[in-house]
Amino acid sequence: MKSYDHKKFDVYWQEKWLNNRIYETPKFPGLKKVYVLDMFPYPSGEGLHVGHPKGYIATDIYSRFKRMNGFDVLHPMGWDAFGLPAEQFAIKNKIHPKVAVQKNIENFEQQLFNIGLDYDWSREIDTTDPKFYKWTQWIFTKLYEKGLAFESNEPINWCPSCKTGLANEDLDGNRCERCGSVVEKKPLRQWVLKITDYADRMLADLDTLNWPEGVKIAQKNWIGRSEGAEFNFELIDGPVKSVRIFTTRADTLFGATFVAVSAELAQSWINSGFKMSEEIKKYIATTLEEQKKENDYSVIPEKTGIFTGIYAINPVNQEKIPVWIANYVIGGVGTGAIMAVPAYDDRDKDFATLYKLPIKEISLDKTVEEMISKFKGEKVVRYKIQDWVFARQRYWGEPFPVVRDEKGKVYMVDESELPVLLPEVESYEPTDNGESPLAAITDWVNVKGYITDKGTFKQSDDGKIFIRETNTMPQWAGSSWYYLRFADPHNDKALIDPALEKAWLPVDVYVGGDHATRHLIYARFWHKFLYDIGVVSTIEPFSRLEFLGFILAEDGRKMSKRWGNIINPDDVVKEYGADTLRVYEMFMAPFEQTAAWSTSSIKGSDKFLDRVYNLQKKISTESTVQTELHKTIKKVTEDIESFKFNTAISAMMILVNSMEAGSFTKEDYLLLLQILAPFAPHLTEQVWCELKNDKSVHIGSWPKFDEKKIVEKEVTITLQIGGKMRGTFIVPFQSADNILLEESKKTDGYKKYVGENEPKNVIIVPNRLINIVI
RNA sequence: GCCGGAGUGGCGGAAUGGUAGACGCGCACGACUCAAAAUCGUGUAUCGCAAGGUGUGUGGGUUCAACUCCCACCUCCGGCACCA
């Protein structure tokens with residue numbers, strides 16, 4: 001049992017803060033602004049477990065800290081509420097996703113509120129709100145205008161279980177990231193966004209970001225820029241005049257001993273009428289089938305191939321070399337054809353060894369550049385990143401603001417008629433044929449109207465019939481720009497007012513889990529596009545990124561219904577109070593590190609807060625803790641700024657230990673309350689207001705540490721002899737070297753290990769250490 | 001295979017190249033109590049009665065001094081993957 005009733009404090013202050021609007025952000029910031037943002041959650045039906053609020057607690061501490069330091073803080077919260085789970089819930093229970101989502105949001109709000117988070121709820125947003133997705137649709141129309149959104153019929157990844165097309169980023173290997181089904185390649189009419197146009201800028205601007213190095217590297221690899229060249233190899237009696245190969249090693253062209261093409265390319269030759277033997281056809285078919293199948297990436301598949309009977313001419317020496325079909329050459333990568341140089345490429349070497357093809361060593365005396373210019377190569381930059389497959393054949397997403405006329409010509413819906421509302425349907429079931437459930441609603445799909453002078457579509461009852469686009473946008477659409485909306489959440493004339501954009505953006509600190517190669521790629525892409533059309537004034541959306549480590553269950557597994565190991569923050573708040581939950585989650589491990597929950601360890605944080613509360617009974621007029629107090633203020637200030645919450649708390653624990661053992665004044669105690677306030681807002685507010693008769697600790701100013709007080713009067717010097725620790729002694733701060741040496745001679749350690757011998761060398765680190773070398 | 005990150009007590013973890021294990025949990029003993037819980041106090045890397053020795057994944061190196069820097073390797077976690 002604690003000495004105070006945390007339930008009373010929690011509820012009292014949470015309501016009071018709400019009523020006094022102490023966390024409401026001004027429309028425009030003053031001199032100092034900071035925009036602190038959490039990756040907004042998907043409001044699932046299961047509610048929060050204790051892992052979810054970890055990041056929110058951190059941003060809460062950070063924004064309270066900044067507010068106390070005189071900043072105007074934008075710290076908002078919203079809901080990323082489109083997506084498959086709500087839809088699947090709807091299908092199962094025949095409840096409209098909107099209804100389920102609303103209920104879940106209310107539950108989430110209450111759970112977050114109970115933790116005492118300082119969000120400005122007047123700025124709450126929801127991606128499924130038509131007032132919000134109006135602007136998601138608007139961005140799409142702008143992308144289309146600039147030629148960055150286009151339709152394609154290329155085969156795309158199709159998840160047979162989710163019954164929708166997917167982007168490369170939605171895959172885990174060759175499985176659907178959501179459900180784990182192996183995806184198929186399926187030709188499907190698709191909306192695609194030209195993210196590749198921004199690849200170079202996204203790569204270059206990574207350097208400007210204060211992000212964890214690992215994320216930057218992951219993005220760099222995902223974008224996967226490679227510089228190389230393409231060369232034409234003429235074919236003798238082939239299906240086409242020449243085959244085009246891509247290489248990053250043009251300098252090895254003289255060592256090419258065969259050409260290898262993908263089964264896909266060979267199939268296209270057959271499709272266009274070229275005759276090949278049954279054996280070859282069979283090989284192509286089985287290879288294509290194999291490549292579709294599940295890959296175990298830990299094992300490199302065995303290489304197979306077949307000779308086509310065709311020969312190619314190496315453009316650098318007119319040598320006649322055979323053309324093979326090989327399973328290690330993959331359609332869709334590069335040109336789908338390579339020149340094989342077994343002497344300088346391990347894969348080519350394996351293949352050549354297997355099929356007894358020649359391996360030719362050469363002298364590499366020409367540079368890549370020389371080879372390109374001399375042998376009519378073409379310099380080519382390739383990216384691993386693919387254009388963003390942007391349409392989903394599902395119900396619960398943003399409708400496209402797109403119609404077609406009877407000839408199939410595409411028009412964007414006029415801006416004045418946005419948003420295109422997501423209609424009610426009877427069945428949310430997806431279909432097998434790649435049609436969205438929306439396609440079944442004929443009186444929505446067929447819409448009368450006309451084309452304006454600007455070339456956009458407007459509705460009119462006496463107009464011609466147009467057909468609406470029935471796909472919806474992917475889950476990542478809303479989250480690609482939502483952070484902009486918080487600065488101007490109720491604007492219905494523009495996505496964001498330019499003055500507010502300049503005032504608040506960019507996000508100064510962005511906190512969340514690992515979305516290195518999806519959300520953080522997509523949002524950067526859209527932000528750069530919005531920069532190009534003048535909506536935003538910064539080239540990057542998130543200046544600083546802090547990753548959070550997840551909280552595992554006590555058994556070391558992920559918290560999940562399936563394992564029955566979920567810990568609900570509501571229960572923890574009830575038993576220990578919001579402050580204890582907050583302090584414990586920040587103390588349990590370094591912020592960015594994954595750690596397991598411990599029901600016994602949390603008691604330590606609870607005890608700590610109780611001791612802080614009880615300290616007020618010990619207030620005296622003498623202080624023995626000045627140095628330590630000011631050291632702690634310094635440490636906590638620095639640690640919050642760098643997200644080292646665990647060591648900040650540890651420093652405060654050390655201070656409290658000293659305060660218990662020694663004596664301290666009321667002023668000392670109030671300073672402790674102030675630096676603890678961001679971590680434990682309820683308890684500190686209660687005691688602060690009682691003792692000081694002040695309005696709120698949270699709008700007061702952050703304590704400044706006194707540099708003079710941090711300086712110790714006496715320091716403990718470590719005595720080393722020959723590098724080994726042989727004792728300690730105490731001297732006044734900043735004692736001269738000769739004093740240190742004299743003092744060290746008085747120690748037992750010196751007498752024992754040095755005695756009358758003359759030291760070879762003496763190394764002195766002022767205020768710290770003396771090392772006598774013998 | 002490539003690219004990241006990490007290996008420290010029974011556990012979570014702390015250490016600008018300068019007393020390794022701060023702080024917390026757990027455990028042991030003691031105080032309070034009829035008793036228990038809570039609370040408080042003391043102890044808690046390891047070998048040794050002690051003096052002292054050994055210890056931060058392994059093996060080398062640099063240095064007066066290495067968890068920290070360099071080289072080689074092992075293990076675990078994450079990402080990418082026959083990308084030409």
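Below, chains carry the letters A, B, ... as their sequence lines are ordered, and counting in each starts from 1.
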Select one nucleotide: of rC82(B), rC83(B), rA51(B), the one nearest the side-chain heavy atoms of Lys303(A). rC82(B)

Within the pair Tyr328(A) and rA81(B), is there a side-chain N or O less than 4.0 Å away from OP1 or OP2? no

Would you say Lys752(A) reaches rA51(B)'s phosphate, i.e. side-chain N/O to OP1/OP2 under 4.0 Å? no

Pairwise distance CD1(Ile338(A)) to OG1(Thr247(A)) - rounded to 0.5 angstrom: 8.5 Å

Measuring from Ile675(A):CD1 to Ile640(A):CD1, what's the distance to the nearest 0.5 Å? 8.0 Å

Would you call the rings of [X] and [Y] parallel, tilted or perpendicular, taking 30° and 60° as the class edges?
X: Trp388(A); Y: Tyr522(A); answer: parallel
X: His519(A); Y: Phe542(A); answer: tilted
X: Tyr4(A); Y: Tyr613(A); answer: tilted

What residues in residues 245-266 of chain A put a non-hydrogen atom under 4.0 Å from any atom of RNA chain B? Phe246(A), Thr247(A), Thr248(A)

Proximity to RNA chain B (any heavy atom under 4.0 Å), residues of residues 337-345 of chain A only: Ile338(A)

Please find the pair of heavy atoms, one from Glu712(A) and one from Lys631(A), that lie closest to each other, and give the distance. OE2-NZ, 2.5 Å

Under 4.0 Å between any heavy atoms, over every strand shown, what does Arg225(A) touch: base, sugar-phosphate, or nothing? Just pick one. nothing

Is Glu213(A) touching bases, backbone alone, or none of the nucleic acid, heavy atoms closer than 4.0 Å? nothing

Between [N] and [M], how far apart are the two [atom1] atoms, rounded to whole Å?
N: rA84(B); M: rG5(B); atom1: C1'; answer: 29 Å
N: rA20(B); M: rU46(B); atom1: C1'; answer: 14 Å
N: rG18(B); M: rC69(B); atom1: C1'; answer: 15 Å
N: rG60(B); M: rU44(B); atom1: C1'; answer: 35 Å
N: rU33(B); M: rA22(B); atom1: P; answer: 33 Å
N: rA15(B); M: rG24(B); atom1: P; answer: 15 Å
N: rC71(B); M: rU62(B); atom1: P; answer: 15 Å
N: rG57(B); M: rA14(B); atom1: P; answer: 14 Å

Specify the separation, in whole Å, of atom [atom1] of [X] and atom [atom2] of [N].
X: Met588(A); N: rC11(B); atom1: CE; atom2: P; answer: 16 Å
X: Asp346(A); N: rC83(B); atom1: CG; atom2: P; answer: 10 Å
X: Tyr753(A); N: rG53(B); atom1: OH; atom2: P; answer: 5 Å

Base orientation of rG9(B), syn vs anti, 90° cut from 0: syn

If you look only at distance, which donor and acceptor atoms sit under 3.5 Å apart when one is on a side chain in residues 650-664 of chain A and the other is two or more places apart or in another chain?
unit_1    : atom_1 : unit_2    : atom_2 : d
Asn657(A) : OD1    : Arg611(A) : NH2    : 2.5
Ser658(A) : OG     : Glu628(A) : OE1    : 2.7
Ser658(A) : OG     : Glu628(A) : OE2    : 3.1
Ser658(A) : OG     : Ile654(A) : O      : 3.3
Glu660(A) : OE1    : Arg611(A) : NE     : 3.3
Glu660(A) : OE1    : Arg611(A) : NH2    : 2.8
Glu660(A) : OE2    : Arg611(A) : NE     : 3.1
Ser663(A) : OG     : Glu622(A) : O      : 3.3

Please give the nucleotide sitting opposite [N] as a Watson-Crick or G-U wobble pair, both distances under 3.5 Å, or none.
N: rA38(B); value: none
N: rA45(B); value: rU54(B)
N: rC32(B); value: none
N: rC76(B); value: rG5(B)
N: rU63(B); value: none

I'd like to check the side chain to side chain contact (heavy atoms under 4.5 Å, CB included) partners of Glu302(A); sequence neighbours left out, ordered by chain and number. none

Okay, side chain of Lys745(A), backbone of Tyr750(A): is any donor-acceptor separation there less than 3.5 Å? no

If you pin Pro590(A) and Thr304(A) to their nearest nucleotides in RNA chain B, which one's is more 5'? Pro590(A)

5'-most contact on RNA chain B (nearest-nucleotide basis), Val773(A) vs Lys724(A), goes to Lys724(A)

Checking Tyr328(A) now: which residues fulfil ring-ring contact (aromatic ring centres under 6.0 Å, His included) with it, not counting sequence neighbours? Phe351(A)

Asn168(A) and Lys384(A), any side-chain heavy atoms less than 4.5 Å apart: no

Taking atom NZ of Lys303(A) as the centre, report whether more than 12 heavy atoms of other residues, nucleotides or ligands fall under 6.0 Å from it. yes

Tell me whether Lys216(A) at atom NZ has more than 12 heavy atoms from other residues, nucleotides or ligands lying less than 6.0 Å away. yes

One character per nucleotide, please: for nucleotides 16-27 of chain B, 5' to 3', B when the base has a protein heavy atom closer than 4.0 Å, S when only the sugar-phosphate does, - otherwise. B-BB--BBSS--

